[in-house]
Amino acid sequence: MIFHVYSEPKPEGYYVNEPFGIYRTILDADWLLYLLLPLLLLIVVGVLMLAWRVHEIPAHKADHKKMRQAELVSALTLLGLLEHWVWAVALFLAYVDWQAFEDFMVNILRRSRTPAETDGKSIQAAPAETASAEAVSAPAIQSVEERQA
(Lines give C-alpha, C1' and ligand atoms only; values in the text may rest on other atoms or scores of the structure.)
Protein backbone atom coordinates (compact mmCIF):
# COMPACT_ATOMS: atom_id res chain seq x y z
CA MET A 1 0.00 0.00 0.00
CA ILE A 2 1.24 3.46 -0.89
CA PHE A 3 -0.17 5.30 2.10
CA HIS A 4 0.15 2.63 4.74
CA VAL A 5 1.12 4.46 7.93
CA TYR A 6 1.38 1.64 10.44
CA SER A 7 2.03 -2.00 9.86
CA GLU A 8 -0.18 -2.91 12.81
CA PRO A 9 -2.60 -1.10 15.11
CA LYS A 10 -1.06 0.76 18.03
CA PRO A 11 -1.21 -0.98 21.37
CA GLU A 12 -3.21 0.27 24.34
CA GLY A 13 -1.47 3.11 26.19
CA TYR A 14 0.36 4.36 23.07
CA TYR A 15 -1.50 7.69 22.98
CA VAL A 16 -1.28 10.22 25.81
CA ASN A 17 -5.02 10.86 25.59
CA GLU A 18 -6.29 7.48 24.53
CA PRO A 19 -8.96 7.68 21.78
CA PHE A 20 -11.86 5.28 22.04
CA GLY A 21 -14.41 3.85 19.68
CA ILE A 22 -14.69 5.42 16.25
CA TYR A 23 -11.87 7.86 16.89
CA ARG A 24 -9.45 4.99 17.41
CA THR A 25 -10.71 3.30 14.24
CA ILE A 26 -10.24 6.48 12.21
CA LEU A 27 -6.71 7.01 13.49
CA ASP A 28 -5.74 3.47 12.57
CA ALA A 29 -7.49 3.52 9.18
CA ASP A 30 -5.58 3.78 5.89
CA TRP A 31 -8.75 4.48 3.89
CA LEU A 32 -8.90 7.96 5.44
CA LEU A 33 -5.63 8.86 3.75
CA TYR A 34 -7.03 7.74 0.40
CA LEU A 35 -9.80 10.32 0.88
CA LEU A 36 -7.78 13.14 2.39
CA LEU A 37 -4.77 13.19 0.06
CA PRO A 38 -6.70 13.90 -3.16
CA LEU A 39 -8.79 16.44 -1.27
CA LEU A 40 -5.64 18.12 -0.01
CA LEU A 41 -4.18 18.19 -3.53
CA LEU A 42 -7.39 19.73 -4.91
CA ILE A 43 -7.35 22.40 -2.21
CA VAL A 44 -3.69 23.25 -2.87
CA VAL A 45 -4.25 23.47 -6.64
CA GLY A 46 -7.39 25.57 -6.09
CA VAL A 47 -5.59 28.01 -3.79
CA LEU A 48 -2.71 28.35 -6.26
CA MET A 49 -5.13 29.02 -9.12
CA LEU A 50 -6.93 31.65 -7.05
CA ALA A 51 -3.63 33.29 -6.08
CA TRP A 52 -2.58 33.39 -9.76
CA ARG A 53 -5.88 34.98 -10.79
CA VAL A 54 -5.54 37.64 -8.10
CA HIS A 55 -1.93 38.17 -9.13
CA GLU A 56 -2.95 38.75 -12.77
CA ILE A 57 -5.67 41.32 -12.00
CA PRO A 58 -3.53 44.33 -13.07
CA ALA A 59 -2.63 42.75 -16.42
CA HIS A 60 -6.25 41.85 -17.19
CA LYS A 61 -7.44 45.33 -16.20
CA ALA A 62 -4.81 46.97 -18.43
CA ASP A 63 -5.77 44.74 -21.37
CA HIS A 64 -9.47 45.44 -20.80
CA LYS A 65 -8.90 49.21 -20.81
CA LYS A 66 -6.61 48.88 -23.86
CA MET A 67 -3.98 50.97 -22.13
CA ARG A 68 -0.75 52.06 -23.76
CA GLN A 69 1.02 50.76 -20.64
CA ALA A 70 -0.43 47.23 -20.89
CA GLU A 71 2.94 45.62 -21.62
CA LEU A 72 4.55 47.51 -18.75
CA VAL A 73 1.82 46.36 -16.37
CA SER A 74 2.20 42.75 -17.57
CA ALA A 75 5.94 42.88 -17.00
CA LEU A 76 5.46 44.38 -13.55
CA THR A 77 3.00 41.67 -12.57
CA LEU A 78 5.55 39.01 -13.49
CA LEU A 79 8.25 40.85 -11.55
CA GLY A 80 5.75 41.02 -8.71
CA LEU A 81 6.23 37.29 -8.21
CA LEU A 82 9.71 38.08 -6.89
CA GLU A 83 9.24 41.56 -5.43
CA HIS A 84 5.74 42.12 -4.07
CA TRP A 85 5.90 45.92 -4.02
CA VAL A 86 6.26 45.84 -7.82
CA TRP A 87 2.87 44.14 -8.02
CA ALA A 88 1.36 47.03 -6.06
CA VAL A 89 2.86 49.46 -8.59
CA ALA A 90 1.36 47.43 -11.44
CA LEU A 91 -2.02 47.49 -9.71
CA PHE A 92 -1.78 51.28 -9.32
CA LEU A 93 -0.83 51.75 -12.97
CA ALA A 94 -3.68 49.53 -14.13
CA TYR A 95 -6.40 51.28 -12.14
CA VAL A 96 -5.42 54.92 -12.69
CA ASP A 97 -7.42 56.72 -15.38
CA TRP A 98 -4.45 58.13 -17.28
CA GLN A 99 -6.59 60.14 -19.72
CA ALA A 100 -8.24 62.00 -16.85
CA PHE A 101 -4.85 62.50 -15.20
CA GLU A 102 -3.41 63.85 -18.45
CA ASP A 103 -6.35 66.23 -18.87
CA PHE A 104 -5.93 67.41 -15.28
CA MET A 105 -2.23 68.12 -15.78
CA VAL A 106 -2.84 69.91 -19.10
CA ASN A 107 -5.47 72.11 -17.43
CA ILE A 108 -3.01 72.99 -14.68
CA LEU A 109 -0.38 73.93 -17.26
CA ARG A 110 -2.87 76.00 -19.24
CA ARG A 111 -4.03 77.86 -16.15
CA SER A 112 -0.44 78.50 -15.12
CA ARG A 113 0.20 80.26 -18.44
CA THR A 114 -3.03 82.21 -18.92
CA PRO A 115 -3.30 83.93 -15.51
CA ALA A 116 0.10 85.56 -16.05
CA GLU A 117 -1.20 87.25 -19.18
CA THR A 118 -4.54 88.25 -17.66
CA ASP A 119 -2.94 89.31 -14.37
CA GLY A 120 -0.86 91.86 -16.24
CA LYS A 121 -3.97 93.25 -17.92
CA SER A 122 -5.99 93.27 -14.72
CA ILE A 123 -3.22 95.03 -12.81
CA GLN A 124 -3.11 97.78 -15.44
CA ALA A 125 -6.90 98.06 -15.51
CA ALA A 126 -7.27 98.01 -11.74
CA PRO A 127 -6.04 101.57 -11.00
CA ALA A 128 -8.39 103.06 -13.58
CA GLU A 129 -11.35 101.13 -12.18
CA THR A 130 -10.41 102.05 -8.62
CA ALA A 131 -10.12 105.76 -9.50
CA SER A 132 -13.51 105.81 -11.22
CA ALA A 133 -15.09 103.92 -8.31
CA GLU A 134 -13.66 106.45 -5.85
CA ALA A 135 -14.92 109.35 -7.99
CA VAL A 136 -18.44 107.90 -8.04
CA SER A 137 -18.49 107.01 -4.35
CA ALA A 138 -17.18 110.38 -3.08
CA PRO A 139 -20.32 112.41 -4.00
CA ALA A 140 -22.53 109.59 -2.71
CA ILE A 141 -20.77 109.66 0.64
CA GLN A 142 -21.08 113.44 0.83
CA SER A 143 -24.82 113.30 0.13
CA VAL A 144 -25.31 110.65 2.83
CA GLU A 145 -23.36 112.79 5.33
CA GLU A 146 -25.48 115.86 4.46
CA ARG A 147 -28.69 113.94 5.04
CA GLN A 148 -27.53 112.75 8.42
CA ALA A 149 -26.53 116.25 9.53
Side-chain angles (χ1 to χ4, degrees), residues 1-138 140-141:
M1 295 184 150
I2 297 174
F3 302 117
H4 192 69
V5 179
Y6 305 114
S7 57
E8 59 211 36
K10 294 297 174 198
E12 295 292 329
Y14 179 79
Y15 299 106
V16 175
N17 295 323
E18 189 73 31
F20 295 104
I22 188 132
Y23 299 112
R24 176 69 181 249
T25 307
I26 289 173
L27 288 174
D28 287 335
D30 289 336
W31 60 268
L32 184 62
L33 292 177
Y34 288 115
L35 293 176
L36 292 180
L37 185 66
L39 181 65
L40 178 66
L41 291 175
L42 284 174
I43 290 172
V44 167
V45 168
V47 166
L48 288 175
M49 287 174 57
L50 179 66
W52 182 255
R53 292 188 82 148
V54 168
H55 183 76
E56 287 294 313
I57 285 174
H60 291 298
K61 182 70 173 178
D63 288 339
H64 177 71
K65 288 171 58 175
K66 298 196 182 348
M67 295 175 58
R68 290 179 282 187
Q69 301 91 348
E71 291 179 10
L72 172 66
V73 171
S74 296
L76 288 175
T77 55
L78 290 176
L79 284 173
L81 290 170
L82 304 173
E83 292 289 331
H84 300 297
W85 65 271
V86 178
W87 183 81
V89 171
L91 190 66
F92 174 76
L93 289 175
Y95 275 91
V96 169
D97 185 5
W98 291 105
Q99 186 62 39
F101 179 75
E102 181 182 349
D103 293 342
F104 176 72
M105 294 305 287
V106 166
N107 284 338
I108 288 175
L109 291 173
R110 283 185 185 150
R111 278 188 267 139
S112 69
R113 291 184 185 151
T114 54
E117 297 168 3
T118 58
D119 283 346
K121 294 175 185 174
S122 64
I123 290 172
Q124 293 170 358
E129 292 173 2
T130 307
S132 66
E134 288 174 359
V136 170
S137 65
I141 292 173

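In this chain, numbering begins with 1 at the start of the sequence shown. These values consider heavy atoms only, across backbone and side chains, with no hydrogens, waters or symmetry-generated copies.
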Seminar exercise, completed: For Phe104, the side-chain contact (heavy atoms from CB on, under 4.5 Å) test, sequence neighbours excluded, returns Ile108
Enumerate donor-acceptor pairs with a distance under 3.5 Å from any side-chain N or O in residues 47-56 to protein atoms, sequence neighbours excluded.
from	atom 1	to	atom 2	distance (Å)
His55	NE2	Thr77	O	2.4

Problem set entry | Nearest atoms (heavy-atom pairs only) where Leu76 meets Ala90 | CB-CB, 3.5 Å
Below 3.5 Å, can you tabulate the donor-acceptor pairs from side chains in residues 57-71 to any protein atom, sequence neighbours excluded?
from	atom 1	to	atom 2	distance (Å)
Lys65	NZ	Ala94	O	3.1
Lys65	NZ	Val96	O	3.1

Side chains of residues 35-43: which donor-acceptor partners sit under 3.5 Å, not counting sequence neighbours?
none

Problem set entry | Pairs flagged by side chain to side chain donor-acceptor pair (under 3.5 Å) wherever residues 84-109 is involved - sequence neighbours left out | Glu83-Trp85, Gln99-Asp103
